[in-house]
2 protein chains.
Amino acid sequence: MVVRRKNKVALPPEVCPLRQCMSILGGAWTPNIIWYLSGRPRRFSELRADIGEISAKVLTVRLRRLEASGVVHREVMPTSPPTVEYRLSELGQELKPAIAAIVDVGHRLKKISAKKNVPGGLRT
Amino acid sequence: MVVRRKNKVALPPEVCPLRQCMSILGGAWTPNIIWYLSGRPRRFSELRADIGEISAKVLTVRLRRLEASGVVHREVMPTSPPTVEYRLSELGQELKPAIAAIVDVGHRLKKISAKKNVPGGLRT
DNA sequence: GTACGTGGTTTCCTTTTGGTAACCGCAAAA
DNA sequence: TTTTGCGGTTACCAAAAGGAAACCACGTAC
């Protein structure tokens, strides 16, 4: 019995742009984080307060992932107690139009669902 | 002991537009479905083939939810075997710019991650 | 010494999600 | 009569996600 190479040569991933981008935007609160950071840099506790319902754990996980994907920059300031500032990287800035578009649709959805008396439409 | 009315008068939901919109776009494959439907109306089996990896169950659930939220219109055609056509409603059309913006970022992410040799960035 | 604030981490738990596979009803075709 | 295609539905299951609460290190303030 001989070990053979597979017939298919592991066809290149050919990532779908939509999935590519959604893999960054996915997960609870991620768009909100980007939204707030698009305003100005923020500290951990600021983001926590801004978003309100997010847990520390999830916020940590999100920020770590965004950092790993190059969307967010993390900087420790030499203060005491040390504060940490998060801001959108150059790459992160590219997401702003997408987030803005989503927010924009959100506004229109609100108007429409108000007209139609669909109480809030779908909620999470 | 007297039953009292609550102090807070059930403050209005005050839905965040971002969450509002993401509650529609959320869930695996949803943006892809909208993307394909934004091209032209499609049948169930077409969408299934277009997206490829989606299961019938999830596709059903997504379409039902999109229909319920008024984004997608479902029409049964009087053919045999009966075919069902899905298309974006007027409200669904509003989502096109947002999806387009996301796709656009996806393209740029691809270029950047190619440059940086981050192999695909984050995958789902 | 003790408490406090910052920015987390860790553990545990419940809920949600999404996939697989089997099944279904109908009408037409073979 | 059996099969085929369409458009699903259902039951079951494993994995992932996300929340709560406890914990942690560090330097400063009291």
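Computed over heavy atoms, backbone and side chain alike; hydrogens, waters and symmetry mates excluded. In what follows, chains carry the letters A, B, and so on, assigned in the order in which the sequence lines appear, proteins first and then strands, with residues in each chain numbered from 1.
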Length of the [atom1]-[atom2] vector between [X] and [N], whole Å:
X     : N      : atom1 : atom2 : value
A/R62 : D/dG19 : CZ    : P     : 8 Å
A/E67 : C/dG8  : CD    : C1'   : 13 Å
B/R65 : C/dT17 : CZ    : C1'   : 11 Å
A/L47 : C/dG8  : CG    : P     : 10 Å
A/I51 : D/dG18 : CD1   : C1'   : 14 Å
A/E75 : C/dG8  : CD    : P     : 13 Å
A/L59 : C/dT10 : CG    : P     : 16 Å

Practice task
Before giving the answer on side-chain contact (heavy atoms from CB on, under 4.5 Å), spell out for A/S38 and A/L95 the whole-Å C-alpha distance, their side-chain angles and the decisive distance to 0.1 Å.
Solution key: CA-CA 9 Å; A/S38 76; A/L95 290 168; over 6 Å; no
Please tabulate, one pair per line, all N/O donor-acceptor pairs under 3.5 Å involving side-chain atoms of residues 81-89 of chain B, not counting sequence neighbours.
residue	atom	partner	partner atom	Å
B/T83	OG1	B/T79	OG1	3.2
B/Y86	OH	B/R74	NE	3.2
B/S89	OG	B/G70	O	2.5
B/S89	OG	B/V71	O	3.1
B/S89	OG	B/L91	N	3.2
B/S89	OG	B/G92	N	3.1

Exercise for the section: Give a yes/no on whether any side-chain N or O of B/R48 is located under 4.0 angstrom from OP1 or OP2 of D/dG7. Expected result: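 So the side chain of B/R48 is outside the cut-off, no N or O lying under 4.0 Å from OP1 or OP2 of D/dG7.
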Handout entry: N or O in side chain of B/S55 less than 4.0 angstrom from C/dG18 OP1/OP2
Key =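 Answer no for this pair, as no side-chain N or O of B/S55 is under 4.0 Å from OP1 or OP2.
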Exercise for the section: Going 5' to 3' through nucleotides 8-15 of chain D, assign each nucleotide B (protein heavy atom under 4.0 Å from a base atom), S (under 4.0 Å only from sugar-phosphate atoms) or - (no protein heavy atom that close). Expected result: SBBBB---
Practice task
Would you please name every residue forming a salt bridge (Lys or Arg N to Asp or Glu O under 4.0 Å) with A/E90, sequence neighbours left out?
Solution key: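 Once residues adjacent in sequence are excluded, A/E90 has no partner under the salt bridge (Lys or Arg N to Asp or Glu O under 4.0 Å) criterion.
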Problem - Pairs flagged by salt bridge (charged side-chain N to carboxylate O under 4.0 Å, His left out) wherever residues 25-41 of chain A is involved - sequence neighbours left out - result: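 Only A/R40-A/E46 qualify under salt bridge (charged side-chain N to carboxylate O under 4.0 Å, His left out).
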Problem - Nearest heavy atoms of A/A98 and B/A101, plus distance in Å - result: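 Nearest heavy atoms, A/A98 then B/A101: CA-CB, 3.6 Å.
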Exercise for the section: Grab the two heavy atoms, one from B/L59 and one from B/F44, that are nearest each other, plus how far apart they are. Expected result: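 Closest pair (atom of B/L59, atom of B/F44, distance): CD2-O, 3.6 Å.
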Exercise for the section: Identify, with sequence neighbours excluded, every residue that meets side chain to side chain contact (heavy atoms under 4.5 Å, CB included) alongside B/S45. Expected result: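 If we apply the side chain to side chain contact (heavy atoms under 4.5 Å, CB included) test to B/S45, skipping adjacent residues, the hits are B/R43.
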Problem - Set of side chain to side chain contact (heavy atoms under 4.5 Å, CB included) partners for B/A49, sequence neighbours left out - result: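 For B/A49 there are no side chain to side chain contact (heavy atoms under 4.5 Å, CB included) partners, ignoring immediate neighbours.
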Exercise for the section: Please list all pairs passing the side chain to side chain donor-acceptor pair (under 3.5 Å) test where one or both residues lie in residues 48-58 of chain B, with sequence neighbours left out. Expected result: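 Those involving residues 48-58 of chain B are A/R19-B/E53, B/R42-B/D50.
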Can you name the atoms? Protein N/O to nucleotides 27-30 of chain C N/O, anything below 3.5 Å, with the distance.
residue	atom	partner	partner atom	Å
C/dA27	O3'	B/S80	OG	3.3

Exercise for the section: Take A/I54 and B/T83, find for each the nucleotide of DNA chain D with the closest heavy atom, and name the residue whose nucleotide sits nearer the 5' end. Expected result: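 The residue whose closest nucleotide sits nearer the 5' end is B/T83.
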Show the atom names and distances, to 0.1 Å, of all donor-acceptor pairs under 3.5 Å that link a side chain in residues 25-33 of chain A to residues at least two apart or in another chain.
residue	atom	partner	partner atom	Å
A/T30	OG1	A/G26	O	2.8
A/T30	OG1	A/G27	O	2.9
A/T30	OG1	A/R62	NE	3.2

Practice task
Answer whether the closest heavy-atom distance between the side chains of A/M22 and A/Q20 falls below 4.5 Å.
Solution key: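 Sidechains of A/Q20 and A/M22: no contact.
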Problem - Contacting residues from residues 25-37 of chain B, given that a heavy atom lies under 4.0 angstrom of DNA chain C - result: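 By residue number: B/G27, B/A28, B/W29.
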